[in-house]
Amino acid sequence: MLTLEEVEMIVDRRFPLLHAFDSENLVRDLFELGKRIRSDVYAHEINAEQGVFADQITMPKWMQSKLNVMGIEKLYQHQGEAIQNIRQGRNVVICTKTASGKSLAYNIPIMEQLVANSDACALYLAPFKALVEDQYSHLQKWADPADEQAANNFSVNGFSRFAVNGQQISAGILHGQRNVPEHMRKDQASSLVFSEGRYWLTNVHYLHLILQGVSSQTGKGPQLLRFLKNLRYVVIDELHQYSGLLGSKVSMVLRRLRMLCDRLGNKDIQFIACSATIANPKYLVEELTGKRGLKGFHEISSAQTPVKKKDILMWNPGLSDDEQKKRATVSDLYEILRTVYKGGRWPRSIIFSSSRGQAQLLSRELNMIVRTHLHEHGELVTDERQELFLPYHAYLTQEVKERTIRKLEQGEILGVVTTSALEVGIDVKCLDVCILLGYPGSQASFWQQAGRVGRSRDGVVIMMVQEEPLQQYFARHPKEFFKLQPESAAINTTNPRLLKEHLVYAAHEQGGTVINAMNYVRSSALRKIVAETNDQWQQIDGKLIYQGEPPRYQTLITMGDTYTVVTKNGWNEDILFQSVDGRSLIRDYHVDAVFLGPDNRTFYKVKWVNNKQRKVAVEPVRADYHTRGIVRDSIEIHDITNSLTSSDDEIKANIGNIIVKRSTFGYKKVYNHGAMPPETVQLTNTYPVSFQTEAFWLMWDQEGKNAIRGLLKELQERELVNFEDLFEGSLHAVEHALASAIPAIVRCSMADFQHTSFYSGSALFGMPGMFFYDSQAGGGSGIVEVVAEKFGVLLDKAKQIISSCGCSNGCPSCIQLFHCERQNEPLHKIGALILIDYLQKSWKKG
């Protein structure tokens with residue numbers, strides 16, 4: 001006799017296995033659906049290609065046998081090129097598409113070296129912890145079979161000691177525990193990694209903090225010295241992520257790493273970088289490492305791996321039945337999935353949504369919609385407890401995420417609804433259909449998400465465009481969309497703020513003296529910093545001797561506090577979500593918020609928020625609704641540190657500190673299945689999240705406002721619009737054009753700064769104005785100073801961006817921005833050009 005629990009465990013919940021996937025048939029059915037529901041569908045086809053294999057590459061016998069065990073008989077041409085160049089001691093950057101075998105291309109020569117030299121070490125760096133864990137699991141495949149292993153092999157969470165061709169290799173993960181609540185911390189066996197690890201895997205944030213221990217004579221200092229003296233290879237994975245401020249900071253960390261190794265007599269470090277498709281991988285990695293010139297990088301960017309046929313559909317929902325407005329994207333999604341799962345088709349699907357909350361709720365809706373559809377058509381009888389779709393996002397615990405991917409690979413679920421959390425690092429080969437709910441914001445993200453399908457057989461990608469000006473522009477010009485070039489990444493290695501901070505760290509790590517700093521940092525930038533802080537530095541015979549206070553190491557990127565959402569289970573607590581940031585806290589987990597739990601069934605209500613322990617306590621409730629917080633931002637000027645214009649100018653320009661206050665004004669009760677219209681509930685006890693940061697802003701006075709009125713008068717009369725709307729649309733368009741110009745001129749990324757403009761702002765006493773401010777709490781990136789310094793150049797570039805575009809009313813090539821919170825309304829292109837001319841004259845005069 002079996003118990004109910006035992007019966008549940010042995011039930012086979014796998015869906016029918018598809019031995020072949022007929023993508024042509026599915027695309028034809030989807031076109032018929034598009035006609036029937038009057039949606040516009042455009043198809044772009046990527047043809048199948050055969051892989052080009054490398055000529056015979058000399059391999060040790062043991063390596064050839066390892067590859068055979070892994071099922072690899074031949075290597076692709078780009079892998080062979082990478083292996084030969086790494087073996088010859090060159091720095092290499094591999095910029096190829098997703099799933100093209102980049103990690104194998106660098107691990108073959110690294111493993112050869114670790115086996116040949118019992119002291120040699122390697123360092124793997126990634127931007128995210130998930131990538132580190134994924135790479136660590138791949139390393140286990142190199143171990144000799146169990147019957148050939150030595151007796152002293154050992155494995156513990158985050159550390160492994162194993163033999164490769166009989167040579168012992170120890171590898172392990174190093175994770176920082178900062179900002180991780182005590183009840184969530186895991187022992188990653190870091191002491192074993194430090195003491196004997198030869199292959200370290202960590203993220204760039206923790207490497208920055210690890211380096212501070214090198215000068216210590218006790219603790220991990222001697223162990224770190226052992227590793228750095230023998231470090232041969234540094235692998236920089238997901239290179240394209242190191243754009244903007246993060247990339248600028250990582251470039252400082254890598255220079256400190258090189259300085260330390262040089263001081264220890266280790267001058268033979270090789271860098272190997274891997275990147276998704278970007279416009280300038282060689283330039284970026286040489287800036288990042290400071291290795292331009294004779295010891296620059298060999299770029300490998302033409303990977304000819306086998307490519308399966310992939311159909312990409314751009315899907316624009318049609319008008320609703322009353323012909324008044326477009327149908328909601330999700331309505332068409334339901335119809336698409338009903339078409340996908342019929343006639344014996346059982347593809348595995350991945351759906352990319354814009355937010356974690358949407359991923360959570362949508363997976364529940366899809367379970368009900370698709371389950372009902374399968375029952376009605378007699379395709380499959382499933383019980384109500386069987387999940388068809390599961391959510392996957394960053395707030396879920398690692399255990400839940402791993403279980404979800406396992407179920408997907410084993411065919412126990414049909415698909416996942418995810419966010420960009422599944423964009424990198426998780427290698428799932430079984431997916432057939434990818435659906436994007438809207439344009440993800442960049443070509444790099446689009447192709448990475450689309451690259452999740454069509455690995456082992458043909459794939460279908462559907463990008464559902466939303467009713468937003470930029471996306472509708474792409475829907476009207478689909479051929480233009482597929483010709484868009486990948487974005488360029490930019491970093492600033494001469495940012496004085498960052499140089500000043502990291503030069504002090506370098507001195508601390510090298511016992512107080514920095515030798516040959518000009519080999520790593522541009523001499524003009526270095527001289528400027530030493531001159532500005534001459535009380536801290538003494539320069540003797542090319543050496544920089546630090547005489548200031550010992551530094552307090554700051555984290556690379558200020559993330560702010562994160563919270564854990566927990567529910568009581570007797571005396572214990574169960575974690576529902578983790579790493580919840582401040583913005584999500586006040587929007588989704590404020591007191592009285594109701595949300596769907598990770599099991600896709602239970603709703604929870606927030607009882608209280610403990611800011612000290614960073615916990616959100618919740619309890620299960622019976623609810624037919626969920627809530628969506630109404631968040632409002634306000635800007636308040638804290639102080640002015642630098643006035644850039646005189647008091648009698650029509651327009652004032654300042655640098656200073658602002659306070660950005662984010663609070664929950666109330667929330668909407670959104671009833672499940674649209675049973676009732678949403679209700680708005682106002683909150684009285686709100687706990688705002690606020691942060692201070694640096695800003696550069698412009699503000700008009702009444703005289704300046706009148707001057708603009710005169711300049712816009714003729715345009716206003718011609719277009720029959722009121723002055724306020726015209727000024728606001730023109731100013732908004734100028735703000736967008738300047739924001740588009742900033743990354744190229746200031747060398748940062750769009751995520752590093754924020755911007756806003758308004759016709760009448762409370763922060764500016766009801767006058768028009770425009771703010772550009774540092775995204776990082778506290779500022780400190782130096783971006784706003786460069787914006788102010790180069791503002792004249794930025795105006796020239798903004799004018800060029802707008803005037804060189806042939807559109808009449810503004811488009812993504814000139815004034816529309818994907819991330820605009822005001823949905824690109826209002827915008828006025830001609831008014832923007834008039835306003836820029838005025839600003840250029842005012843700036844030159846000032």
Side-chain angles (χ1 to χ4, degrees), residues 89 91 110 113-126 132 136 154 158-161 167-178 188-236 250-272 289-291 501-517 519-521 543-546 550-553 556:
N91 299 309
I110 287 177
Q113 184 64 32
L114 296 186
V115 167
N117 180 349
S118 59
D119 292 325
C121 297
L123 174 65
Y124 171 88
L125 295 173
V132 174
Y136 174 68
F154 176 72
F159 173 81
S160 289
R161 186 191 301 135
Q167 176 69 53
Q168 184 177 295
I169 292 174
S170 295
I173 296 173
L174 288 170
H175 276 339
Q177 298 290 351
R178 278 199 173 195
Q188 297 290 344
S190 62
S191 57
L192 285 168
V193 180
F194 271 103
S195 62
E196 61 173 278
R198 293 176 55 210
Y199 202 140
W200 289 11
L201 301 99
T202 188
N203 57 73
V204 291
H205 307 275
Y206 194 42
L207 174 64
H208 157 64
L209 299 172
I210 287 172
L211 294 181
Q212 72 178 306
V214 76
S215 59
S216 170
Q217 301 301 311
T218 57
K220 295 185 171 65
Q223 298 165 352
L224 182 53
L225 285 174
R226 184 264 320 168
F227 181 81
L228 295 177
K229 280 178 185 174
N230 296 291
L231 181 60
R232 287 296 309 273
Y233 301 103
V234 178
V235 178
I236 305 169
V250 170
S251 75
M252 299 292 130
V253 177
L254 293 178
R255 280 162 173 75
R256 284 162 41 208
L257 177 69
R258 286 180 52 215
M259 285 182 189
L260 275 169
C261 291
D262 271 5
R263 284 289 291 272
L264 295 168
N266 180 6
K267 300 180 185 297
D268 299 322
I269 301 179
Q270 271 179 262
F271 287 93
I272 305 157
T289 57
K291 303 231 8 130
E501 178 187 349
H502 285 264
L503 201 59
V504 174
Y505 295 149
H508 173 73
E509 290 153 10
Q510 296 178 59
T513 304
V514 180
I515 299 173
N516 297 328
N519 291 349
Y520 307 92
V521 179
K543 297 177 183 176
L544 281 175
I545 302 167
Y546 180 64
R552 286 188 63 195
Y553 277 61
L556 284 188

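- Checked against side chain to side chain donor-acceptor pair (under 3.5 Å), Tyr233 has no partners two or more places apart in sequence or in another chain.
- Remark: side-chain polar atoms of Asn266 are paired, donor with acceptor, to backbone N or O of Leu231 under 3.5 angstrom.
- The side-chain heavy atoms of Gln212 and Tyr505, taken from C-beta on, include no pair separated by under 4.5 Å.
- Using a 4.5 Å heavy-atom threshold, the side chains of Val253 and Leu207 count as touching.
- Side-chain contact between Leu125 and Asn203 is absent, with no heavy-atom pair separated by less than 4.5 Å.
- Applying the ring pair (Phe, Tyr, Trp, His ring centres under 6.0 Å) rule to Tyr546 yields the partners Trp537; only residues at least two apart in sequence or on another chain are considered.
- Between Ile110 and Ala122, the shortest heavy-atom contact is CG2-CB, 3.9 Å.
- Between the OH atom of Tyr136 and the CH2 atom of Trp200 there is a distance of 15.0 Å, given to the nearest 0.5 Å.
- Annotation: side chain of Thr202 is not in contact with side chain of Val132 (no heavy-atom distance under 4.5 Å).
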Name every donor-acceptor pair, under 3.5 Å, that has one atom in a side chain of residues 255-265 and the other anywhere in the protein, sequence neighbours excluded.
residue: Arg255; atom: NE; partner: Tyr520; partner atom: O; Å: 2.9
residue: Arg255; atom: NH1; partner: Ser251; partner atom: O; Å: 3.1
residue: Arg255; atom: NH1; partner: Glu287; partner atom: O; Å: 3.1
residue: Arg255; atom: NH1; partner: Leu288; partner atom: O; Å: 3.1
residue: Arg255; atom: NH2; partner: Glu287; partner atom: O; Å: 3.0
residue: Arg256; atom: NE; partner: Glu509; partner atom: OE1; Å: 3.3
residue: Arg256; atom: NE; partner: Glu509; partner atom: OE2; Å: 3.2
residue: Arg256; atom: NH1; partner: His208; partner atom: ND1; Å: 3.0
residue: Arg256; atom: NH1; partner: His502; partner atom: ND1; Å: 2.9
residue: Arg256; atom: NH2; partner: His208; partner atom: O; Å: 3.2
residue: Arg256; atom: NH2; partner: His208; partner atom: ND1; Å: 3.4
residue: Arg256; atom: NH2; partner: Glu509; partner atom: OE2; Å: 2.7
residue: Arg258; atom: NH1; partner: Thr289; partner atom: O; Å: 2.8
residue: Arg258; atom: NH1; partner: Gly290; partner atom: O; Å: 3.4
residue: Asp262; atom: OD2; partner: Tyr520; partner atom: OH; Å: 2.4
residue: Arg263; atom: NH1; partner: Gln510; partner atom: OE1; Å: 3.0
residue: Arg263; atom: NH1; partner: Thr513; partner atom: O; Å: 2.9

Legend entry - Test side chain to side chain contact (heavy atoms under 4.5 Å, CB included) applied to Ser195 and Arg226, step by step: CA-CA 9 Å; Ser195 62; Arg226 184 264 320 168; 5.9 Å; no

Inset, instruction - Take Val193 and Ile173 through the side chain to side chain contact (heavy atoms under 4.5 Å, CB included) test and state the conclusion after the steps. - result: CA-CA 7 Å; Val193 180; Ile173 296 173; over 6 Å; no

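- Partner of Leu114 under the side-chain contact (heavy atoms from CB on, under 4.5 Å) criterion, chosen from Arg198, Gln167, Arg232: Arg198.
- Here the shortest heavy-atom pairing between Pro551 and Val504 reads CB-CG1, 3.7 Å.
- In this structure, the side chains of Ile169 and Val115 come closer than 4.5 Å at one or more pairs of heavy atoms.
- The closest donor-acceptor contact from the side chain of Asn516 to the backbone of Asn519 lies at 3.5 Å or more, if one exists at all.
- Scored by the side-chain contact (heavy atoms from CB on, under 4.5 Å) test, Glu196 finds Phe159, Arg161, Gln168, Ser170, Leu192 as partners (sequence neighbours excluded).
- A distance of 9.0 Å separates CG of Leu123 from CZ of Phe271, quoted to the nearest 0.5 Å.
- We find the NZ-CG distance between Lys291 and Leu254 to be 11.0 Å, quoted to the nearest 0.5 Å.
- Note: Ile210 CD1 to Tyr553 OH = 12.0 Å, rounded to the nearest 0.5 Å.
- Sequence neighbours left out, the pairs with a member in residues 113-125 that pass side chain to side chain donor-acceptor pair (under 3.5 Å) are Tyr124-Asp237.
- For the pair Leu544/Leu503, a side-chain contact is recorded, criterion being any heavy-atom separation below 4.5 Å from C-beta on.
- In plain terms, the two heavy atoms of Cys121 and Gly197 that are nearest each other are SG-O, 4.5 Å.
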